[in-house]
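To start, the structure under review is shown below, and the notes come after it.
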Amino acid sequence: MTGAAVALSFVGHGAAAQDCPRGDLDARYCDADGDMIADIPTDESELLDPDTLIFAYTPVEDPAVYKTAWADFLTYLEEATGKDIVFFPVQSNAAQIEAMRSGRLHIAGFNTGSNPLAVNCAGFRPFTIMAAEDGTFGYEMEIITHPDSGIETPADIKGRKLAFTAPTSNSGFKAPSAILKADFGLEADKDFEPVFSGKHDNSILGVANQDYDAAAVANTVITRMIARDVIEADQVVSLYKSETFPTTGYGVVHNLKPELQDKIREAFFSFDWAGTSLEEEFGKGGETQFIDINYKDFWNVIRKIDAANDVSYACE
């Protein structure tokens, strides 16, 4: 799929449309307070309070690595909520969004580009992202190549093969597509051959092993892969670095009971990273805490990129 529109098809349970303000939200959700995310239902019968909560991390890299990385936090989350927590290793952004929309996923980290789709199609309520000790956060999209490619600038990608990750990814597709077109006059299929690797680590490994001439990725993934000795730093060369974008957004499905949502939120903000599996993995990128965010403000730049790419948030 190389088009900019990203309309997803879902087979989850239906919900009657309500007569309420909703903006870009799907007809099953309301947004009476104008914060651009689905309101918590006021009808008690629509609220969920499951004995087991399902958690999924965005499918950017090997799920097995991240099941281990999240282990200490999920244990803490079990204590905070009194619920069993199960880590669900999703294989694609679309599958993750569909799981939440259909009621099979309760807590999640959606990647930057998937957040608007998760918010509008699945009732996702993001409230936090990872940050450094000083409160700084985010990542940059980088277009990378390998030292022997003969590519010196993004303009040299013309006529070559460029790896994207997935159509829903901000740094892996949407941002580079907009930037390459606006700044370098390059369009996929017309000026270069696009391929989709599925994940950021696949794209990075593909460049490092010279399977791809170039790739567009999130640079935090490069940092972590170098720290884990998956690749050597000199196997990739940066051609372009974007402005800073918000990173993975964490939150809950809109129809969990309000008091349960509060417990989950508090667990994120009270978790002590020091000496944990979360610090061991994400500390490689300088992240040491969860900070409070809101979708309306923090994802404004991402929605602008989506608009430039004619991305649709339709879920049908």
Side-chain angles (χ1 to χ4, degrees), residues 1-6 58 60-61 93 111-116 137-226 230-248 285-286 299-311:
M1 178 178 181
T2 58
V6 186
T58 182
V60 294
E61 299 175 59
N93 297 317
N111 71 9
T112 305
S114 291
N115 254 262
F137 62 87
Y139 71 97
E140 292 78 40
M141 180 278 293
E142 291 199 40
I143 299 174
I144 59 172
T145 187
H146 57 81
D148 300 322
S149 69
I151 298 174
E152 302 288 337
T153 73
D156 298 332
I157 293 172
K158 187 170 185 176
R160 309 291 288 270
K161 181 183 292 186
L162 173 70
F164 293 123
T165 59
T168 53
S169 175
N170 178 63
S171 57
F173 179 67
K174 294 188 285 189
S177 294
I179 289 167
L180 286 170
K181 181 178 180 179
D183 296 351
F184 301 98
L186 299 178
E187 296 183 49
D189 291 318
K190 176 182 176 183
D191 300 300
F192 61 88
E193 179 187 352
V195 294
F196 285 89
S197 71
K199 301 178 183 179
H200 288 261
D201 60 332
N202 291 347
S203 289
I204 294 164
L205 282 170
V207 170
N209 294 324
Q210 302 188 14
D211 296 323
Y212 306 137
D213 298 316
V217 296
N219 58 7
T220 50
V221 182
I222 301 174
T223 300
R224 293 199 297 269
M225 291 179 71
I226 292 172
V230 178
I231 65 166
E232 299 292 332
D234 60 5
Q235 288 182 277
V236 297
V237 177
S238 179
L239 298 171
Y240 181 94
K241 181 186 286 189
S242 72
E243 65 177 283
T244 300
F245 300 122
T247 186
T248 298
W299 261 262
N300 184 49
V301 64
I302 306 305
R303 293 193 299 272
K304 288 181 179 178
I305 290 171
D306 283 349
N309 284 327
D310 294 324
V311 169

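Positions are given from 1, in the same order as the sequence printed here.
F245 approaches I302 most closely through the heavy-atom pair CD2-CD1, 3.9 Å. In terms of heavy atoms, D213 sits closest to S149 at O-CB, 4.1 Å. Nearest heavy-atom pair, Q235 versus P147, reported as atom, atom and distance to 0.1 Å: O-CD, 3.4 Å. The minimum heavy-atom distance linking R160 with F192 is given by the pair O-CB, 3.4 Å. Across all their heavy atoms, T220 and G138 have their closest contact at CG2-O, 4.2 Å. Residues E243 and V301 come closest through the heavy atom pair OE1-CG2, 3.9 Å.
Ring pair Y240/F184 is perpendicular by interplanar angle, where above 60° counts as perpendicular and below 30° as parallel. Note: F196 and F173 have tilted aromatic rings, judged against thresholds of 30 and 60 degrees for the angle between ring planes.
In this structure, N115 CG and D306 CG are separated by 10.5 Å, a value rounded to the nearest 0.5 Å. A distance of 12.5 Å separates CG in N111 from NZ in K199, rounded to the nearest 0.5 Å. Distance check: K158 NZ to E187 CD gives 11.0 Å after rounding to the nearest 0.5 Å. Rounded to the nearest 0.5 Å, atoms CG (L186) and CD1 (I157) are 7.0 Å apart. Once rounded to the nearest 0.5 Å, the distance linking NZ of K174 with OG1 of T165 reads 10.5 Å.
The closest side-chain heavy-atom distance from L180 to I143 is below 4.5 Å. The shortest side-chain heavy-atom distance between W299 and P116 falls under the 4.5 Å cut-off. Contact annotation: the side chain of M141 never approaches that of N170 to less than 4.5 Å [non-hydrogen atoms, C-beta and beyond]. For the pair I231 and L205, the minimum side-chain heavy-atom distance is below 4.5 Å. You'll find the side chain of V230 stays beyond 4.5 Å of the side chain of D201, heavy atoms only.
Checked by atom type and distance alone, the side chain of H146 never pairs as donor or acceptor with a backbone atom of Q210 at under 3.5 Å. In this structure, N202 contributes its side chain and G198 its backbone to no donor-acceptor pair below 3.5 Å.
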Open item on the list: Apply side chain to side chain contact (heavy atoms under 4.5 Å, CB included) to residues S242 and I179 and explain how you reach the verdict.
Closed with: CA-CA 9 Å; S242 72; I179 289 167; 4.3 Å; yes
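Under the side chain to side chain contact (heavy atoms under 4.5 Å, CB included) test applied with V217, the options V207, V236, I222 reduce to a single match, I222.
Looking at T112 and Y139, their side chains do bring a donor and an acceptor atom within 3.5 Å of each other.
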